[in-house]
Amino acid sequence: MERLQKIIAARGYCSRRKAEELIVQGRVKVNNIVVTTLGTKVSKGDQVHIDNKILIDKNNEKIYLMLNKPRNCVSTMYDPQHRKTVLNYVKDVSQRIYPVGRLDYDTSGLLLLTNDGEFTNIITHPSHIINKTYHVLVSGCLVKNQLQQLAMGVEIEPGIITSHAQAKLIKYQEDKDVSILLLTIHEGRKHQVKKMIQAIGHEVLKLKRIAIGFLQLDEELKPGEWRYLKPKEIKRFFGMASQLKIK
Ligand code: URA
């Protein structure tokens, strides 16, 4: 049990002092009964209304955001080697959020974070319906036949062949002897893109995820910056899942 004004403040509505004013003014109800006594104790499960509007616990609110993950940070919650984690970039979010899937330490780009397990399940579901698109800087010159191999599937480990993908060469930079490739894959195996490129005899020099399904990395976000997903973006992911019955 906690004091009512403390619960109101803890749920992120206003300061404790402001909550005391609201209580004295008779604007606060607990389980539909007006409470004007300061210090009234309530439990976490009690329903609190202010001006007849239910007070949602902001800490239980589902949140969804996209981060432009910089290179040189881990996308786990904690790193035993004490390297920077993606959570260092979303410090001003009070809810406990976690990354949806992983990007390697040296990979940058679109990473989603949430506190909603159902959403995570949709994005990372093993049916692999949600594509992930990568902008890849590759050593050397990629030829047509290699792009076809990537698209049809390559053996990345003994007996493990990737499923079909889309591989599009953007350009070959002769002066630097590097190719720029857009690769869209359905699976999410560890180091998958790097292993696919290795399998065709080349090396990934830089890797950036630029889209997850229909959702493109917001170009306005600099590395380390984030924004909340828009309600229509969240809805669209849930819509995809219910169409395919994968919730
Ligand atoms: N594939 C990789 O090799 N690394 C990533 O970070 C993501 C996909």
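One-based numbering, in listed order, for ligands and for the atoms of each.
Remark: the D177 side chain and the Y172 side chain contain an N/O donor-acceptor pair separated by less than 3.5 Å.
Using a 4.0 Å cut-off between charged nitrogen and carboxylate oxygen, E20 and R3 do not count as a salt-bridge pair. Ionic pairing of K195 and E157 is present here: one or more N-O contacts between side-chain nitrogen and carboxylate oxygen are shorter than 4.0 angstrom. E21 has a carboxylate O that lies under 4.0 Å from a charged side-chain N of K18, or vice versa, which qualifies the two as a salt bridge. Note on D104 versus R209: no salt bridge recorded, every NZ/NE/NH1/NH2 to OD/OE distance being 4.0 Å or above.
For ligand 1, the 4.0 Å heavy-atom shell takes in L103, D104, T107, Y134, H191, Q192, V193, K194, L207, ordered by chain and residue number.
In this view, R27 and Q25, D51 satisfy the side-chain hydrogen bond (donor to acceptor under 3.5 Å, both in side chains) rule, not counting sequence neighbours.
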